[in-house]
Amino acid sequence: MANQNAKGLKRLMNACVFSVAGFKATWIHEEAFRQEVLLFVITTPLAIWLGETAIEKLLLIGSIVLVMLVELLNSAVEAVVDRVGLEHHELSGRAKDIGSAAVMLSLAWAAITWTLILI
């Protein structure tokens with residue numbers, strides 16, 4: 001990591017720059033993330049319209065944000081695994097499968113949240 005000695009506001013600014021770079025990299029390299037952002041763009045107005053209380057709206061929107069968060073983490077795991085080596089290895093496959101399972105679980109959670117609030 002560049003400039004690990006930065007303190008205070010400079011550290012915060014660096015963190016923001018690195019975070020934006022992470023969003024850009026994920027957007028460019030991960031189709032699933034682009035699809036989930038599209039899902040977020042479509043469902044956020046629906047959540048605001050269909051949620052009856054602030055808590056319902058927050059849960060509906062938050063469940064989709066959770067999906068994107070898990071996808072970001074899964075993409076990071078996949079990038080590290082691919083950096084280590086592209087040859088097939090049982091542990092590499094396991095790490096990727098576990099990340100994929102986490103994304104699937106977050107999608108199921110979002111679907112359950114939307115279903116229970118809207119029925």
Side-chain angles (χ1 to χ4, degrees):
M1 255 204 227
N3 201 6
Q4 290 183 1
N5 296 325
K7 303 280 188 227
L9 189 57
K10 179 66 175 169
R11 182 186 165 286
L12 181 60
M13 294 299 290
N14 287 347
C16 289
V17 169
F18 297 144
S19 296
V20 169
F23 280 118
K24 285 181 182 178
T26 308
W27 180 264
I28 291 167
H29 298 287
E30 298 293 334
E31 182 178 359
F33 183 71
R34 293 190 298 271
Q35 292 170 343
E36 291 155 359
V37 169
L38 178 61
L39 179 66
F40 176 77
V41 168
I42 292 169
T43 58
T44 296
L46 284 173
I48 293 169
W49 181 49
L50 296 172
E52 293 182 10
T53 67
I55 296 297
E56 286 183 355
K57 293 173 186 180
L58 183 65
L59 287 170
L60 292 170
I61 295 168
S63 67
I64 305 302
V65 171
L66 176 66
V67 171
M68 293 188 301
L69 288 167
V70 174
E71 184 65 49
L72 286 166
L73 294 171
N74 180 50
S75 296
V77 167
E78 288 182 349
V80 169
V81 167
D82 289 346
R83 166 64 177 92
V84 169
L86 294 177
E87 70 279 352
H88 177 75
H89 189 281
E90 179 186 349
L91 293 176
S92 297
R94 188 184 312 163
K96 287 185 170 192
D97 290 347
I98 292 168
S100 179
V103 173
M104 186 183 74
L105 187 60
S106 70
L107 284 164
W109 180 257
I112 291 167
T113 300
W114 278 75
T115 301
L116 291 177
I117 289 176
L118 298 180
I119 60 170

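Remember, it's a predicted structure, so these values are computed and weren't measured experimentally.
- In this structure, OG1 on T113 lies 10.0 Å from CG on L118, to the nearest 0.5 angstrom.
- A single hydrophobic cluster is not seen to contain both V103 and V80; linkage of ILVMFWY side chains at heavy-atom distances under 4.5 Å, directly or through other members, places them apart.
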Item checked: W109/V67 under side chain to side chain contact (heavy atoms under 4.5 Å, CB included): CA gap, chis, key distance, verdict -> CA-CA 9 Å; W109 180 257; V67 171; over 6 Å; no
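- To the nearest 0.5 Å, atom CD of residue E36 and atom OG1 of residue T43 are 11.0 Å apart.
- Shortest non-hydrogen contact noted between L60 and W114 is O-NE1, 3.1 Å.
- Between the S100 side chain and the K96 main chain, no donor and acceptor come within less than 3.5 Å of each other.
- In the hydrophobic clustering of this structure, L105 does not group with L73; members are Ile, Leu, Val, Met, Phe, Trp, Tyr whose side-chain heavy atoms approach within less than 4.5 Å, directly or through other members.
- Shortest non-hydrogen contact noted between G51 and K57 is O-CE, 3.0 Å.
- One distance of note links CG of N5 with NZ of K10; it measures 12.5 Å at 0.5 Å rounding.
- Nearest heavy atoms, A95 versus V77: O-CG1, 4.0 Å.
- Judged purely by atom type and a 3.5 angstrom limit, T44 has no side-chain atom pairing as donor or acceptor with the backbone of V41.
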Next item on the list: Please test L12 against L9 for side chain to side chain contact (heavy atoms under 4.5 Å, CB included), starting from the C-alpha separation and ending with a verdict.
Entry: CA-CA 5 Å; L12 181 60; L9 189 57; 4.3 Å; yes
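- One hydrophobic cluster holds both L39 and M68 under the rule that ILVMFWY side chains link at heavy-atom gaps under 4.5 Å.
- L107 and I42 fall into different hydrophobic clusters, defined by Ile, Leu, Val, Met, Phe, Trp and Tyr side-chain heavy atoms under 4.5 Å apart, directly or through other members.
- The nearest pair of heavy atoms linking I61 to A47 is CG1-CB, 3.6 Å.
- More than 12 heavy atoms of other shown residues, nucleotides or ligands fall within 6.0 angstrom of atom CG in L50.
- Summarising the geometry, atom CD1 belonging to I112 is positioned 12.0 Å from atom CD1 belonging to I117; distances are rounded to the nearest 0.5 Å.
- The two residues R11 and A6 come nearest to each other via the heavy atoms CB-O, 3.6 Å.
- Listed by first and then second residue, the side-chain hydrogen bond (donor to acceptor under 3.5 Å, both in side chains) pairs that reach into residues 45-56 come to none, sequence neighbours excluded.
- Tracing side-chain contacts under 4.5 Å through hydrophobic residues (I, L, V, M, F, W, Y), one never reaches F40 starting from L58; they form parts of separate clusters.
- Scanning all heavy atoms of the two residues, the minimum distance from T26 to F33 falls at CG2-CG, 3.4 Å.
- Residue R34 places its CZ atom among more than 12 non-hydrogen atoms of other residues, nucleotides or ligands, all under 6.0 Å distant.
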